[in-house]
Number of protein chains: 2
Amino acid sequence: MSVPPEEAAKDVFEVVPIIMREIRSVMRSKRPPVLTVPQYRALSFVDRNAGASLLDVANHLGLTPPSTSKLVDGLIGHGLMTREEQPVDRRRLKLAVTDRGHKDMIAARQGTLAYLTDRLRNMDEGDREVIARAMKALHLIFTGNPKIGERWG
Amino acid sequence: MSVPPEEAAKDVFEVVPIIMREIRSVMRSKRPPVLTVPQYRALSFVDRNAGASLLDVANHLGLTPPSTSKLVDGLIGHGLMTREEQPVDRRRLKLAVTDRGHKDMIAARQGTLAYLTDRLRNMDEGDREVIARAMKALHLIFTGNPKIGERWG
DNA sequence: AATAATTAGTTAGAAGGGCTAATTGTTAGA
DNA sequence: TCTAACAATTAGCCCTTCTAACTAATTATT
């Protein structure tokens, strides 16, 4: 049976927001610490790319520089990230995750993954394979990057 | 090859936020009108369930009553929804979508679907089928409802 | 009928998310 | 040098979502 792009689009549009709400809810419910999804994503990126600049983070998150600046502000305010000046190019920041930021990030990740894993446990193994394949295909068309999972080491 | 729930969870956790950001971005970029995702979802629900109460909307969206109240406030302020009193139970609201609300909702939906459709067009047909199947499986485990797509008539 | 408990919805206040436009400093180039 | 480009921030806007505390209306209890 052939699936036209219109139908797949409708399915994605209906299901993705539902799952996203779950993810957000789980991630924000860990307390303390409380991490929002963008905060988690920023921490995770800087954790893997120590010394990243603000624009690096903005590009990775798909946010504008001002939004990212505010986001980083909040993380620094909570002691989860640091902002350093670089002697090489004083315009460019050097962001880094603190120990506490690293721990909070890991906690948020594990909590969310545990929840999702639990949800995915009681289903047909074939369905799980379909989901994994679908996610890889979606990742490719939405990011252009065929690699997935590298953020997980 | 077997896909353990942990792996599928990681894939979902990585990809869903990316797609969601795209959806949000596209939906908010139509101007005028500008509808956010929660605004769209509230309109869409009330459009299909005229006379719904605030709690009906809150439950459907997975939001608290105060959040929903504020959300509805905004929609009414923009002339997209109406709030009526019911003589039967004067505590219970009767929400309805205005003509303009209906039109804006359709416009937001079509714009977003057009974008997603476009993205999904240039891919292997087999991948599209995998995506459609994955979305149906995910919909079932996250909502308990096997039916999908009814919202699209 | 009077009182208590529940239910529907709102208000207030907080922290965050995301944008555009305008600004400050810094570096590189003609 | 002087200008253009760049990195980041500030200001100001509106939306999201929560908890806590509240009002008003209904139902249940005595």
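Residue numbers begin at 1 in each chain, while the letters A, B, ... track the order of the sequences. A quick note: this is a predicted structure, and the numbers were derived from the prediction, not measured.
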So what does B/T64 touch, heavy atoms closer than 4.0 Å: a base, only the sugar-phosphate, or nothing?
base
Are any protein N/O atoms closer than 3.5 Å to N/O atoms in nucleotides 7-9 of chain C? If there are, list each pair with its distance.
unit_1	atom_1	unit_2	atom_2	d
C/dT7	O2	B/R91	NH1	3.0
C/dA8	OP1	B/R92	NH2	3.2
C/dA8	O3'	B/R91	O	3.2
C/dG9	OP1	B/L54	N	3.4
C/dG9	OP1	B/L93	N	2.6
C/dG9	OP2	B/L54	N	3.4
C/dG9	OP2	B/L55	N	3.0

How long is the gap from CZ on A/R133 to CG on B/D127, to the nearest 0.5 Å?
7.0 Å
Distance in Å, A/L35 CG paired with A/M27 CE, rounded so as to fall on 0.5 Å steps:
7.5 Å
Decide if atom NZ of A/K136 counts as having more than 12 heavy atoms of other residues, nucleotides or ligands within a radius under 6.0 Å.
yes
Answer yes or no: does atom CG of B/D99 have more than 12 heavy-atom neighbours from other residues, nucleotides or ligands under 6.0 Å?
no
Over 60° means perpendicular and under 30° means parallel, so classify the ring planes of A/F142 and B/Y115, tilted if in between.
tilted
same_hphob_cluster(A/L55, A/L43) at 4.5 Å side-chain heavy-atom cutoff:
no
Indicate if A/M135 and A/L140 have the same hydrophobic cluster label, given that clusters are the connected sets of ILVMFWY residues with side-chain heavy-atom separations under 4.5 angstrom.
no
Between B/S53 and B/D56, does any side-chain donor sit less than 3.5 Å from a side-chain acceptor?
yes
Span of DNA chain D, from the first to the last nucleotide whose atoms fall under 4.0 Å of chain B heavy atoms
D/dC15 to D/dT26
Nucleotide [N], atom [atom2] - distance to [atom1] of [X] in whole Å:
X	N	atom1	atom2	value
A/L75	C/dG16	CG	C1'	11 Å
A/L63	C/dT20	CG	C1'	14 Å
B/R28	C/dT20	CZ	C1'	12 Å
B/E85	C/dT10	CD	P	11 Å

Hydrophobic side-chain clustering at under 4.5 Å (ILVMFWY, transitive links): who's grouped with B/V130? Put none if nobody.
A/V130
Got a list of side-chain donor-acceptor pairs under 3.5 Å for residues 64-72 of chain B, not counting sequence neighbours?
unit_1	atom_1	unit_2	atom_2	d
B/T64	OG1	B/S67	N	3.4
B/T64	OG1	B/S67	OG	2.9
B/T68	OG1	B/T64	O	2.8

Short side-chain N/O contact to C/dG16 OP1/OP2 from A/T36, under 4.0 Å
no
Please list each protein N or O that sits under 3.5 Å from an N or O in nucleotides 12-14 of chain C, with the distance.
unit_1	atom_1	unit_2	atom_2	d
C/dG13	O6	B/K70	NZ	3.3
C/dA14	N6	B/K70	NZ	3.4

Sequence neighbours left out, what passes side chain to side chain contact (heavy atoms under 4.5 Å, CB included) with B/Q110? Give chain and number order.
B/I106
